Asker: 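Once you've had a glance at the structure underneath, I'll fire off some questions.
Residue indices begin at 1 and follow the sequence shown. All values reported here derive from a predicted model rather than from experimental measurement.
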Amino acid sequence: MAGSTPASLSVDAHVSAPGVVVAAKSRPPTSPWREAWRRFRRHRLAVASSIVLLLLIAAIAIGPLLWRVPINEIDFTAKLEGPSWAHPFGTDDLGQDVLSRLIYGGRVSLAVGFAAMLVAISVGVLIGALAGMSRGSIDSALMWLTDLFLSLPPLPLLLLVIYLFRDALKAAFGPEGGVFVLIVVVIGGLRWMPVARLVRAQILSIREKEFVEAARALGASTSRQVVRHILPNALGPVIVAGTIDVAAAIIAESTLSFLGLGFPPDIPTWGRVLFDAKDYLDIAPHWALFPGAAIFLAVLAINFIGDGLRDALDPRRVL
């Protein structure tokens, strides 16, 4: 009726004058990944940690172009010197520049961390998906295998595998490549179990949802259900687990190098630099301080990024 006002206004309209309804601008559609990015930006520690990790990666990638001191340049007249303009991070017992060795070693340590994470995620997702979509004996056997690997002590098993296969892989891929393949496979092969159990739990929950039942009713095969409908909805916890695996792999590689069982002595990973500095802590603490700080910053930043991703990818959490 003329001159009357509506009893209620929709969310897409507002009143600009008495009796005049003007359509409001509709909000652009928000995708789940855009919403996750909005949530992640509100996690200040995760954002700050992302900046720190990007700075570390940039320093490792661009550092050799800006700091051209060779990693194996020996200068006995400058051995065990503290930080200076000539050597910002000091020198070691052979007079080698610690900064250049850390820049080179960071490439190896981070490469091991990310490569081992990919191995762990790939194996864990495969086994978890098979167990979650299977029923009966296959599921029981795969979970029994997962529990078996979880019960094994990781460090003694790492040492045993390295002693057994190090020489063969060195002969096949070279001193550096063989150790890299061995460490990545061993560390990744001992980190897939939590991912497998997580993926299995997610699949057991998601496969009973209505959209999966609709795809099943339309004739979608089991593999199509997993690849197109189930795994994309289970990626959030898997991504968080992947960040944790990167940090754990960096620590494991540093531990092996510190024990003298990692890369050869002429490849200065962060753990290897710490191992070389352990006998000089009283007279040259800078030699151990900087690689320890690099490991600490990288692991802490990756863990905080994982916390931010966990909060951002959890639909039940309000941010």
Side-chain angles (χ1 to χ4, degrees), residues 49 52-61 63-64 71 98 100-125 149 154-170 172-195 238-277 288 290-303 305-306:
S49 300
V52 171
L53 184 61
L54 288 176
L55 289 176
L56 278 176
I57 295 175
I60 292 169
I71 63 172
V98 175
S100 62
R101 293 175 69 81
L102 290 184
I103 291 174
Y104 183 89
R107 296 179 177 181
V108 180
S109 296
L110 290 181
V112 167
F114 285 103
M117 178 268 293
L118 291 177
V119 172
I121 292 296
S122 301
V123 177
V125 168
F149 272 87
L155 187 57
L157 187 61
L158 275 172
L159 301 180
L160 177 62
V161 173
I162 287 175
Y163 274 123
L164 290 177
F165 299 102
R166 180 170 54 181
D167 295 336
L169 287 175
K170 280 184 178 180
F173 298 99
E176 185 175 353
V179 175
F180 180 83
V181 171
L182 178 62
I183 290 179
V184 166
V185 171
V186 171
I187 294 177
L190 294 177
R191 293 292 307 174
W192 60 266
M193 296 81 71
V195 179
V238 173
I239 293 174
V240 176
T243 61
I244 298 174
D245 284 340
V246 173
I250 291 174
I251 293 177
E253 185 277 325
S254 301
T255 302
L256 291 175
S257 297
F258 185 82
L259 295 175
L261 298 173
F263 287 87
D266 58 335
I267 301 176
T269 65
W270 288 344
R272 185 72 203 188
V273 175
L274 271 178
F275 173 77
D276 295 336
F290 290 110
I295 296 173
F296 172 77
L297 285 176
V299 172
L300 188 67
I302 292 172
N303 282 332
I305 292 173

Asker: Nearest 0.5 Å, please: how far is CG in L54 from OG in S49?
Answerer: 10.5 Å
Asker: Considering only residues two or more places apart or on different chains, which pairs with a residue in residues 103-119 satisfy salt bridge (Lys or Arg N to Asp or Glu O under 4.0 Å)?
Answerer: none
Asker: Excluding sequence neighbours, so at least two apart, what forms side chain to side chain contact (heavy atoms under 4.5 Å, CB included) with L300?
Answerer: F296, F304
Asker: What distance do I244 atom CD1 and M117 atom CE have between them, rounded to the nearest 0.5 Å?
Answerer: 12.0 Å
Asker: With sequence neighbours left out, what residues match F275 under side chain to side chain contact (heavy atoms under 4.5 Å, CB included)?
Answerer: F258, R272, K278
Asker: Please give me the minimum heavy-atom distance between A59 and P64, naming the atom from each residue.
Answerer: O-CD, 4.4 Å
Asker: Which residues pass the side-chain hydrogen bond (donor to acceptor under 3.5 Å, both in side chains) test with S254, sequence neighbours left out?
Answerer: none
Asker: Run the side chain to side chain contact (heavy atoms under 4.5 Å, CB included) test against I57 and tell me which residues pass, sequence neighbours left out.
Answerer: L53, L110
Asker: Considering residues at least two apart in sequence or located in another chain, which fulfil the ring-ring contact (aromatic ring centres under 6.0 Å, His included) criterion with Y104?
Answerer: none
Asker: Mind listing the closest non-hydrogen atom pair of V299 and A247 along with its distance?
Answerer: CG1-CB, 3.9 Å
Asker: Have a look at P268 and tell me which of V273, L102, I103, D276 forms a side chain to side chain contact (heavy atoms under 4.5 Å, CB included) with it.
Answerer: V273
Asker: For residues G105 and W270, report the shortest heavy-atom separation together with the two atoms involved.
Answerer: C-NE1, 3.9 Å
Asker: What is the distance from atom CZ of F165 to atom CG of L160, rounded to the nearest 0.5 Å?
Answerer: 8.0 Å
Asker: Do you know the tightest heavy-atom contact between A249 and A116?
Answerer: CB-CB, 3.7 Å
Asker: Between S122 and V119 (side chain of the first, backbone of the second, donor and acceptor by atom type, cut-off under 3.5 Å), is there such a pair?
Answerer: no
Asker: Rounded to the nearest 0.5 Å, how far apart are OG1 of T269 and CZ of F180?
Answerer: 12.0 Å
Asker: Run the side chain to side chain contact (heavy atoms under 4.5 Å, CB included) test against L56 and tell me which residues pass, sequence neighbours left out.
Answerer: L297, A298
Asker: To check you understand the geometry: which heavy-atom pair defines the closest contact between V240 and T243, and what is its length?
Answerer: O-OG1, 2.5 Å
Asker: Going through the distances and angles, do V179 and I267 end up as a side-chain contact (heavy atoms from CB on, under 4.5 Å)?
Answerer: CA-CA 11 Å; V179 175; I267 301 176; over 6 Å; no
Asker: Side chains of I295 and L274: closer than 4.5 Å at any heavy-atom pair?
Answerer: yes
Asker: The criterion is side-chain hydrogen bond (donor to acceptor under 3.5 Å, both in side chains); which residues satisfy it with R101, sequence neighbours excluded?
Answerer: Q96
Asker: Counting only pairs under 3.5 Å, give me each side-chain donor-acceptor contact of residues 182-193, with atom names and distances, residues two or more places apart or in other chains.
Answerer:
| from | atom 1 | to | atom 2 | distance (Å) |
| --- | --- | --- | --- | --- |
| R191 | NE | D245 | OD1 | 3.1 |
| R191 | NH2 | D245 | OD1 | 3.0 |
| W192 | NE1 | G189 | O | 2.8 |

